[in-house]
Protein chains: 4
Amino acid sequence: MVERIVAAARRVLVEQGYDAFSTNRVAAAAGVSPGSLYQYFPDKSAVLDVVVDRYWDEVADRVQAALGDRVGQTGPAVVRATAAAVLAALESDRELLRVLHEDLPPRRLAGQRRALEVRVRHLLAAVLAGRGGAGGRSVDAQAWVVVLAVEAIALRWVLDGPGPDRGEVLDELTALVTGYLAPAQLG
Amino acid sequence: MVERIVAAARRVLVEQGYDAFSTNRVAAAAGVSPGSLYQYFPDKSAVLDVVVDRYWDEVADRVQAALGDRVGQTGPAVVRATAAAVLAALESDRELLRVLHEDLPPRRLAGQRRALEVRVRHLLAAVLAGRGGAGGRSVDAQAWVVVLAVEAIALRWVLDGPGPDRGEVLDELTALVTGYLAPAQLG
Amino acid sequence: MVERIVAAARRVLVEQGYDAFSTNRVAAAAGVSPGSLYQYFPDKSAVLDVVVDRYWDEVADRVQAALGDRVGQTGPAVVRATAAAVLAALESDRELLRVLHEDLPPRRLAGQRRALEVRVRHLLAAVLAGRGGAGGRSVDAQAWVVVLAVEAIALRWVLDGPGPDRGEVLDELTALVTGYLAPAQLG
Amino acid sequence: MVERIVAAARRVLVEQGYDAFSTNRVAAAAGVSPGSLYQYFPDKSAVLDVVVDRYWDEVADRVQAALGDRVGQTGPAVVRATAAAVLAALESDRELLRVLHEDLPPRRLAGQRRALEVRVRHLLAAVLAGRGGAGGRSVDAQAWVVVLAVEAIALRWVLDGPGPDRGEVLDELTALVTGYLAPAQLG
DNA sequence: TATGAATGAGGGTTCATTCAT
DNA sequence: TATGAATGAACCCTCATTCAT
């Protein structure tokens, strides 16, 4: 039942947009009465939370899996593969991603998004630190920069219409990251 | 009159948040009747549009001024100065920026934001092209990457609480951009 | 407009009972939209408050007028006349009195009711005190007793179907009060 | 089972108030499913009825016991003792009395309350009649007056915060009743 | 032009009651 | 018998918008 409601919620979001995301509409889409929705969720916000959580968990899992596979490795190939994994993760449900990132107030997503960023940032900072420091520059700041830059570019590429093709984006992301991190420790 | 309403709209947004941004509240804050508001704006959205437009125009002006001053110049110092100008532009009205970027559905801002990005991107692409191409890589793609990365990082730094200090962010942004663009054409 | 809504509220209460006293029903009875109701009242409770306040103010005015006319006077005739005034006051809008006292949770009325009781009690206590005390008994306690007894009996007589006829009730109320207060100071 | 539900209903009333008195809440408090509740009670009202009935039966038993002990006796001491019994009866479950008399629409209690009043009234009328009539006044009317006055005063004293102390109330009730009835037949 | 009272569809939510299991 | 998930009508309230003045 929770499943039916969450699925309906996702459907309403994707097909009708966030403005149409009313409890009555979600319940109707689930073929359920409004009252039933409230047997499984304390309020409207909780329904959205589940949809959002599931989406971000999925994305986070994919990204972390890709990172995990390569812990300790280095070099442009690794960067490119990771960037590819990020793109793939974000593409796994482009329709929902579009609604979540274009229709919802960013505050609604901030929690999950930050959480994922922090996890990835720490992973990356550890790798950088392991590589012998950054020649006096802050490894944390570097990780912060890389995560934000890659996230923003990947998000835009996945959501926006025409742009560089996939290979080109990966090339550029790779150049961006290696060019940034290389001088000090990836040379 | 339009002025009074737009000013009130801004005030309501900043002081009470987007949730409180109702036509009645804006009209009241402007000391005007709801009916009057509809004599100058077709609907609520149009009022918000003007506030958003003005904000982005202001930011765009500042950024473009900084870029314009340095057309034709090159090197890390220019990159750093430009990044500093972007930070300063975004900081010029942090309160409004926060509401616009955290409370509004991003779609509401997309138009203005894209417009600015495109302008800056073209400027940058021209500079890069003028500098003798990118060794076979797409100058447009590079400009696209740089603009998005700098924008995302600057936005986050201005809006989020604790992070690297200003000098550090500028250092890292400079390193990011020069590291990315340097090998091919800024050496 | 407030008038129309309050009148409709009274009508709904009297004709359909407190259970039917919903904002939508009141608005409909007033020939007005639900939204209009909320331009004049902060919430449903406020509408009921006005109805209740008006009723009790009316009753209080009548009772206090009757008492005021006789301040300083004494004797069974005065008691009887006062009791008659109380009955008349309560009979002025028997239909509404019925709903208010039978359908509403007493807490809803407690405030107004207590306020009137206190006013009358103080008036009466002053009269009793002026009459030379109560022979060691508390004038306040006596006023408290008299007010509650008369109120309860009058209320019941007005609301309940068959009972003693009017003259008989007045006789008995007179006997009750004079018998209670007489030995000490009304002899 | 009925027992469990009724006990839970009482508990909900006392601990959470009448507003919280929903069938679901009562069922939950009874550790029973809502459906089960409807196997033993036709509707929500019936559950409340039983709670109310039990309360008033208890009060009625105590009052009637006190009266029964003294049938045929007379004098201020008897009046006082009876009044004391009424106070004690009402105090036996003050928490429930408070909810029932302050939160419920009085109509919900009217039946039980009237029934007790009638019983006591008849008892009292019989005593008065046995005492040689009322000198032309209606013994029924007198009983009606006494019952209502004592009931109202006792109820208020038990429920309301500060007031005369217990002894004083009993003194005044005694004075009220004897002063009223004495001249004619209790002299 | 400027008003502001009036609108009414729609919002989120509750809860007495039912019925398939 | 006992369950408890499911119901759905109705609740109170908001707010973008209109229109007679």
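Sequence lines set the chain letters: A, B, ... in the order given, protein chains first and strands last, and positions in each chain run from 1.
- One finds a side-chain N or O of C:Y38 lying less than 4.0 angstrom from the OP1 or OP2 phosphate oxygen of F:dC13.
- Electrostatic pairing of A:R54 and A:E3 counts as a salt bridge here, judged by a charged N lying under 4.0 Å from a carboxylate O.
- A close approach under 4.0 Å does occur between a side-chain nitrogen or oxygen of A:S36 and OP1 or OP2 of F:dT7.
- Among E:dG12, F:dT3, F:dC13, the nucleotide with an atom closest to any side-chain atom of C:P34 is F:dC13.
- When each of A:P42 and B:L37 is assigned the nucleotide of DNA chain E with its nearest heavy atom, B:L37 is the one assigned upstream, toward the 5' end.
- Atoms CD (A:E3) and P (F:dA6) sit 13 Å apart, rounded to a whole Å.
- Residue B:G31 is the one, among B:G31 and A:S22, whose nearest nucleotide of DNA chain E lies closer to the 5' end (criterion: closest heavy atom).
- Side-chain proximity of B:D43 to E:dA16, F:dT17, E:dT18: nearest is F:dT17.
- Here the P atom of nucleotide E:dG12 and the CG atom of A:D19 are 11 Å apart, to the nearest Å.
- Following rounding to the nearest Å, B:I5 (CD1) and F:dA16 (P) show an atom-to-atom distance of 14 Å.
- Remark: A:W56 CH2 to A:L116 CG distance equals 6.0 Å, nearest 0.5 Å.
- Between B:Q39 and E:dT1 there is a side-chain N or O to OP1 or OP2 distance below 4.0 Å.
- Closest contact between the side chain of D:N24 and the listed nucleotides F:dT1, E:dT17, F:dA5 involves E:dT17.
- Considering only residues two or more places apart in sequence or on other chains, C:R114 meets the side chain to side chain contact (heavy atoms under 4.5 Å, CB included) condition with C:A110, C:E117, D:R156, D:D160.
- Regarding contacts with the backbone of E:dG11, a side-chain N or O of A:R25 is found under 4.0 angstrom from either OP1 or OP2.
- Rounded to an integer number of Å, the gap from CZ of C:F21 to P of F:dC13 is 11 Å.
- For the pair C:A20 and A:Y40, nearest-nucleotide mapping onto DNA chain F gives the more 5' position to A:Y40.
- Not one side-chain nitrogen or oxygen of D:S33 sits closer than 4.0 Å to the OP1 or OP2 atom of F:dA2.
- Within the nucleic acid shown, C:F41 has no heavy atom closer than 4.0 Å to any nucleic acid atom.
- A close approach under 4.0 Å does not occur between any side-chain nitrogen or oxygen of D:T23 and OP1 or OP2 of E:dT17.
- For the pair C:E91 and C:R98, the salt-bridge criterion is not met [side-chain N within less than 4.0 Å of a carboxylate O].
- Nucleotide E:dG4 holds its C1' atom 12 Å from the CE atom of C:M1, rounded to whole Å.
- Using Watson-Crick or G-U wobble geometry with both donor-acceptor distances under 3.5 Å, E:dT21 finds its partner in F:dA2.
- With rounding to whole Å, A:K44 atom NZ is found 16 Å from F:dT14 atom P.
- Between B:R62 and B:E58, at least one side-chain N (NZ, or NE/NH1/NH2) sits under 4.0 Å from a carboxylate O, which counts as a salt bridge.
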